[in-house]
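Atoms considered below: every heavy atom in the structure, side chains included; atoms not considered: hydrogens, waters and symmetry mates. Counting begins at 1 with the first residue of the sequence.
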Amino acid sequence: MYPENNNPNKGRNIAIGVIVGLVFAGLFAGCAAVVMQFVELGRNGQWERWAEANAEDEDDGLSDYGYYDDDGYFHYYGESEEDADDNRFGYYDEDGEFHYFDEDTGYDRRDKLNRPTHDEDIEGYDTGEYFSFPADNRTEGLAYTVEIVEDEYHDGTDTDIYYSYPVVKGDVPNLDHINDTICAEWESLLDYYEEDYRDYMYEGDGILAQLTGSVTYMSEDILSIVYQETVCYGAYLDYDTDLYLYCLNFDMKNGQLLENTGMLDIDEEFVEDFRERSVKQNADSVLDYYDDSEIMYCLEDPYYLILFYCPQGMEIGLNMDEGWATVTYPDYEEFLKRM
């Protein structure tokens, strides 16, 4: 005698359970088939071709070489866990050798700041026809002298800022104002880091920078100081790199800073001449990506304009997204604005 059925839905529940079981069994079988397919691809050496044929768009975080994990770290396909950890503490050079960001191993992080030049490829640099860096054109026997001071800034994170700057001494008007103006450039970078950047850093984020202040021209009448700046930003210094020239020209008779954008008579004829000289002086035409109106705009903007005195005459150029380019003008007086 069977017990009394106290659950009138028992039959329906059993049916549902059977259906669910069949569904899970089908899913398991499908997954097993996919796994077996990958195994077979690996055995036959066809995995790479399959991955290439089934690659998704770049927006999914994949690339031809690897992928980014949830923390934003890049991993190469096939790299070991040790290799992945290395990527967080150093970089690979052009020869494929890994270097740690650690001076104890003999590697100086400032090597990342070095930029190749093509000065040796242009005859005018060898003969002294064109101005080039590094420059130290300090002159003795004037009413004032200039000393170069080197300093460093470290805060215990991945931020290291190396800077040098001229200090003017002697009998000249507005001496304190001149020195304050010179120091304002590197001070502004330190202020930016401490007040605007540091509070929003991620792990491994920081700034590696080098600001080299040098004297490009020095006389009783004019003092020209130029900062060569290389600033690397971002996690492990891989996000952005700014290459920049910052120019200061002082009238030493009255101790005043000259306004660079007010010195030249910029018109279409000057832009055409500037473009032609750049093609001759620079190994490639860095201005090809800029039309004449863009060049004229940059030459009239203090952010983009490069202008300073040098023994050859005057150096005129532009700060651009790709870096900077300058042209030497021994005949610069022909292009000065007439008062």
Side-chain angles (χ1 to χ4, degrees), residues 117-119 122-139 142 144 146 166 168 172 178 181-182 185 212-229 243-283 285-287 290 292-320 323-339:
T117 68
H118 54 249
D119 292 1
I122 306 298
E123 182 179 351
Y125 290 107
D126 291 335
T127 62
E129 177 185 357
Y130 301 141
F131 170 86
S132 64
F133 288 105
D136 185 2
N137 295 324
R138 288 178 288 176
T139 303
L142 304 180
Y144 65 97
V146 178
V168 181
V172 293
I178 293 174
T181 303
I182 295 171
E185 178 63 8
T212 303
S214 59
V215 175
T216 62
Y217 187 78
M218 182 176 174
S219 71
E220 292 287 3
D221 298 323
I222 297 292
L223 173 64
S224 287
I225 292 171
V226 178
Y227 281 99
Q228 295 172 261
E229 305 186 15
L243 304 174
Y244 194 79
L245 291 187
Y246 181 74
C247 313
L248 298 167
N249 299 297
F250 294 96
D251 182 339
M252 299 304 288
K253 291 297 184 182
N254 56 34
Q256 296 297 318
L257 179 68
L258 297 174
E259 194 71 34
N260 292 345
T261 53
M263 297 175 64
L264 298 176
D265 187 11
I266 305 296
D267 56 16
E268 294 179 357
E269 183 177 346
F270 180 87
V271 171
E272 182 178 353
D273 178 79
F274 176 72
R275 188 188 291 275
E276 292 177 357
R277 296 192 190 207
S278 178
V279 171
K280 178 183 178 182
Q281 180 169 337
N282 298 304
S285 182
V286 295
L287 302 179
Y290 298 81
D292 288 352
S293 62
E294 291 172 326
I295 294 177
M296 182 177 295
Y297 172 83
C298 292
L299 288 170
E300 294 176 335
D301 189 297
Y303 179 82
Y304 297 103
L305 174 63
I306 296 171
L307 186 149
F308 57 89
Y309 291 89
C310 59
Q312 293 87 345
M314 180 178 285
E315 199 75 3
I316 301 172
L318 300 176
N319 288 303
M320 300 173 291
W324 48 266
T326 63
V327 175
T328 303
Y329 276 77
D331 53 345
Y332 70 92
E333 293 183 349
E334 298 179 13
F335 304 96
L336 295 179
K337 282 187 176 181
R338 305 303 177 189
M339 301 298 181

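- Between Thr216 and Phe133, the closest side-chain pair of non-hydrogen atoms falls below 4.5 Å.
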For this session: Any chance you could lay out the side-chain contact (heavy atoms from CB on, under 4.5 Å) test for Ile178 and Tyr144, step after step, and finish with the verdict?
Result: CA-CA 12 Å; Ile178 293 174; Tyr144 65 97; over 6 Å; no

For this session: Go through the steps for Leu287 and Leu318 under the test side-chain contact (heavy atoms from CB on, under 4.5 Å), then give the verdict.
Result: CA-CA 10 Å; Leu287 302 179; Leu318 300 176; 4.2 Å; yes

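- The CG atom of Asp301 sits 14.0 Å away from the CE atom of Met296 when rounded to the nearest 0.5 Å.
- Counting all heavy atoms, side chain and backbone alike, Asn282 lies closest to Ala325 at ND2-CB, 4.4 Å.
- Ring-plane geometry between Phe335 and Tyr329 is classed as perpendicular, the angle between the planes exceeding 60 degrees on a 0 to 90 degree scale with a lower cut at 30.
- Residue pairs meeting the salt bridge (charged side-chain N to carboxylate O under 4.0 Å, His left out) criterion with at least one member in residues 323-335, sequence neighbours excluded: Arg277-Asp331.
- Asp292 is not listed as a side-chain neighbour of Glu272, based on a closest heavy-atom distance of 4.5 Å or more.
- Closest heavy-atom contact between Ala135 and Ser214: O-CB, 3.1 Å.
- In this structure Ile222 satisfies the side-chain contact (heavy atoms from CB on, under 4.5 Å) test together with Tyr217, Ser219, Ser224, Leu258, Tyr309, sequence neighbours excluded.
- Between Tyr227 and Tyr244, the gap from one ring centroid to the other reaches at least 6.0 Å.
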For this session: Verify side-chain contact (heavy atoms from CB on, under 4.5 Å) between Tyr303 and Asn319, making sure each step is shown before the conclusion.
Result: CA-CA 8 Å; Tyr303 179 82; Asn319 288 303; 5.7 Å; no

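- A donor-acceptor pair is defined here as one N or O able to donate and one able to accept, closer than 3.5 Å; no such pair exists between the side chain of Glu229 and the backbone of Tyr246.
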Exercise. Do Glu315 and Thr326 pass the side chain to side chain donor-acceptor pair (under 3.5 Å) test, and can you show the C-alpha distance, the side-chain angles, and the key distance before you say yes or no?
Worked result: CA-CA 6 Å; Glu315 199 75 3; Thr326 63; 2.7 Å; yes

Exercise. Run the side-chain contact (heavy atoms from CB on, under 4.5 Å) check on Met218 and Leu142 step by step: do they pass?
Worked result: CA-CA 9 Å; Met218 182 176 174; Leu142 304 180; 3.7 Å; yes

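- Between Tyr130 and Gln312 the shortest heavy-atom distance is O-NE2, 3.5 Å.
- Under the salt bridge (charged side-chain N to carboxylate O under 4.0 Å, His left out) criterion, the residue pairs touching residues 253-262 are Asp221-Lys253, with sequence neighbours excluded.
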Validation: residues 260-271 side-chain donor-acceptor distances under 3.5 Å, sequence neighbours left out:
| from | atom 1 | to | atom 2 | distance (Å) |
| --- | --- | --- | --- | --- |
| Asn260 | OD1 | Asn249 | ND2 | 2.8 |
| Asp267 | OD1 | Glu269 | N | 3.2 |
| Asp267 | OD1 | Phe270 | N | 2.8 |

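- Taking the side chain as every heavy atom from C-beta outward, Phe250 and Val168 never approach each other to under 4.5 Å.
- Annotation: side chain of Leu307 is not in contact with side chain of Cys247 (no heavy-atom distance under 4.5 Å).
- Taking every heavy atom of both residues into account, Gln281 and Val327 meet most closely at OE1-CA, 3.5 Å.
- Between Leu248 and Leu257 the shortest side-chain heavy-atom distance falls below 4.5 Å.
- Contacts of Asp136 classified as side-chain hydrogen bond (donor to acceptor under 3.5 Å, both in side chains), with partners at least two apart in sequence or in another chain: Arg138.
- Note that CD of Gln256 and OG1 of Thr181 are 9.0 Å apart. Values are rounded to the nearest 0.5 Å.
- Side-chain contact check for Ile295 versus Tyr297: every heavy-atom pair is 4.5 Å or farther apart.
- Asp251 pairs by the salt bridge (Lys or Arg N to Asp or Glu O under 4.0 Å) definition with nothing, not counting sequence neighbours.
- Expressed to the nearest 0.5 Å, how far CZ of Phe131 lies from CD1 of Ile316 amounts to 13.5 Å.
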